[in-house]
Visitor: 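Below is a structure I'd like to ask you about.
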Amino acid sequence: MDKKKLGFTTRQIHGEGHDKPMYAHVMPIFQTSTFSFESPEHGADLFAGKCKGHIYTRLGNPTTEALERTLANLEGGDDAAVFASGLAAVHGVFLPFVKVGDHIVSGDTLYGPCLNMIGGTFAKWGIKSTFVDTSDLDAVRNAITPDTKFCFFESPANPTNRVTDIVAVSEICHEKGVKVVVDNTFATPFNQRPLEFGADIVMHSATKYLNGHGDVIAGCLIGSEDDIAAIRHFRGNFGSNISPFDSFLFLRGLKTLSMRMEVHNKNGLAVAKYLESHPDVETVSYPGLPSHPNHEVAKKQMSGFGGMIAFELKGGFETAKEVQKHTEIIILAVSLGTIDSLIQHPASMTHSKVSKELRDQQGLTDSLVRISVGCEDAEDLIADLDQAIAKSKAAVGV
Ligand SMILES: Cc1ncc(COP(=O)(O)O)c(C=O)c1O
């Protein structure tokens, strides 16, 4: 059989391969920090890269490698490297390649700590950055300087759901020798595969949809053999590897990604349509709605629109705060992409460390509420939001 022609679900289940140790059906957890050598010569050959095998779990582990093979297969890359968190993957994509004086063009709508890493920590180390609206192609073009090495953006972006045209940005960047990195956390490879649209490296906070069950913190990078080899070497030097147990949980969650995403897509659209029709809702941002400013681009590069919705209620900040007190099924918590639904307030939570000026520039207002629509029955989620909006309206008096 031509394995490259297998469907997404078959590949998410079998992408790791069948040659498991000791004929195990499921890839076991290799809960070991180190591996023994057959002889001094064998150890020396492994270190010299003259033969394949395992040395020490910070450098590589069979459970993690099974996961990496599956991820590379699903995103359509040559190889993948898994990290201890999404943020570890963000520093892991830049630091092997940049030096003092280099420059990064970054989307200005990013998960708050990613903005702070690139604009704060990296700046202190002499790595320059410019933050732009990457859905504006002229802004991207104008931000590139002779020192630019990377263009990094989330699409859809956290939390406002801004969508960037991956093909167009990749063309602009490649003309200038700039590598494109897409944070594909919100979309997942089930809905969007940035490498097919010209991106060089895909990044995920796997804590979210890829694992899907809210029990792991993890990140990953997928790209060409050479890029991932450099990234893996860096990961070994910096010690930002995932543990074997977390790799096992991540791989187990990944095997149901397509089934979960089909429900997230269906529920996300149903809840977004409900919110858009609600008289007490001021704005709804969901890439699957024709009212979304980047809906046409989203349709071009996404096959489904996921479960992430940003909305504003009439009554501003007070109602935004209030509605979170009254949901009975939807859980008040940060994070996203889990099978259960979550609600949070970005301005006071996930994006609270981003300056007010930058938040305003991104349309991340104080009244914006973000929901991660889970896999429950859509009608129950809509009923939960309906009663919570009614209670918050009564409490605030709008
Ligand atoms: C889009 C996006 N990228 C990166 C991260 C960071 O990932 P982690 O929390 O796994 O370090 C997050 C976390 O919420 C995120 O939403």
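Counting convention: from 1, in listed order, for ligands and their atoms alike.
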Visitor: Side chains of His14 and Asn73: any donor to acceptor distance under 3.5 Å?
Guide: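 Not at all, the side chains of Asn73 and His14 share no donor-acceptor pair under 3.5 Å.
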Visitor: Please determine, by modelled atom types, if Glu376 and Ser341 share a side-chain donor-acceptor pair under 3.5 angstrom.
Guide: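 Side chains of Glu376 and Ser341: pair found under 3.5 Å.
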Visitor: Name the closest protein heavy atom to atom 3 (N) of ligand 1, giving the residue it belongs to and the distance to 0.1 Å.
Guide: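 In this structure, atom 3 (N) of ligand 1 has Asp183 OD2, 2.7 Å as its nearest protein heavy atom.
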Visitor: May I ask you to list the atoms of ligand 1 that are less than 4.0 angstrom from any heavy atom of Leu87?
Guide: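 With Leu87 as reference, the close atoms of ligand 1 come out as 6 (C), 7 (O), 8 (P), 11 (O).
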Visitor: Can you report which non-hydrogen protein atom sits closest to atom 10 (O) of ligand 1, along with the distance?
Guide: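 Of every protein heavy atom, Thr207 OG1, 2.6 Å lies nearest to atom 10 (O) of ligand 1.
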Visitor: Does even one non-hydrogen atom of Ala218 get within less than 4.0 Å of ligand 1?
Guide: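 A heavy atom of Ala218 does come that close to ligand 1.
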Visitor: Give the residue, atom name and distance (to 0.1 Å) of the protein heavy atom nearest atom 7 (O) of ligand 1.
Guide: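 Residue, atom and distance for the closest contact: Ser205 OG, 3.0 Å.
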Visitor: Consider only side-chain heavy atoms of I, L, V, M, F, W and Y, link residues closer than 4.5 Å, and tell whether Tyr209 and Val163 are in one cluster.
Guide: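 No, separate clusters.
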Visitor: Identify, for atom 5 (C) of ligand 1, the protein heavy atom at the shortest distance, and state residue, atom and that distance.
Guide: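 Scanning the protein heavy atoms, the shortest distance from atom 5 (C) of ligand 1 goes to Tyr111 CD2, 3.3 Å.
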Visitor: Indicate yes or no: does Glu276 engage Lys273 in a salt bridge with an N to O separation below 4.0 Å.
Guide: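 Salt bridge absent between Glu276 and Lys273.
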Visitor: Among Glu154, Met308, Lys208, which one has a heavy atom closest to atom 9 (O) of ligand 1?
Guide: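 Of the listed residues, Lys208 has the closest heavy atom.
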Visitor: Need the ligand 1 atom indices (1-based, order shown) with element for anything under 4.0 Å from a heavy-atom of Asn158.
Guide: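 Answer, ordered by atom number: 15 (C), 16 (O).
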Visitor: Indicate whether the side chain of Thr160 and that of Ser285 have a donor and an acceptor atom separated by less than 3.5 Å.
Guide: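 Short answer, no.
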Visitor: Just checking, any donor-acceptor pair under 3.5 angstrom between side chains of Glu16 and Thr70?
Guide: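 Looking only at side-chain atoms, Thr70 and Glu16 do not form any donor-acceptor pair under 3.5 Å.
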Visitor: Regarding ligand 1, does Gly86 bring an N or O atom to under 3.5 Å of one of the ligand's N or O atoms?
Guide: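 Right, the criterion is met.
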Visitor: Answer yes when Arg232 and Glu65 have at least one side-chain N-carboxylate O distance shorter than 4.0 Å, and no when they do not.
Guide: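 A salt bridge is absent here (no side-chain N lies under 4.0 Å from a carboxylate O).
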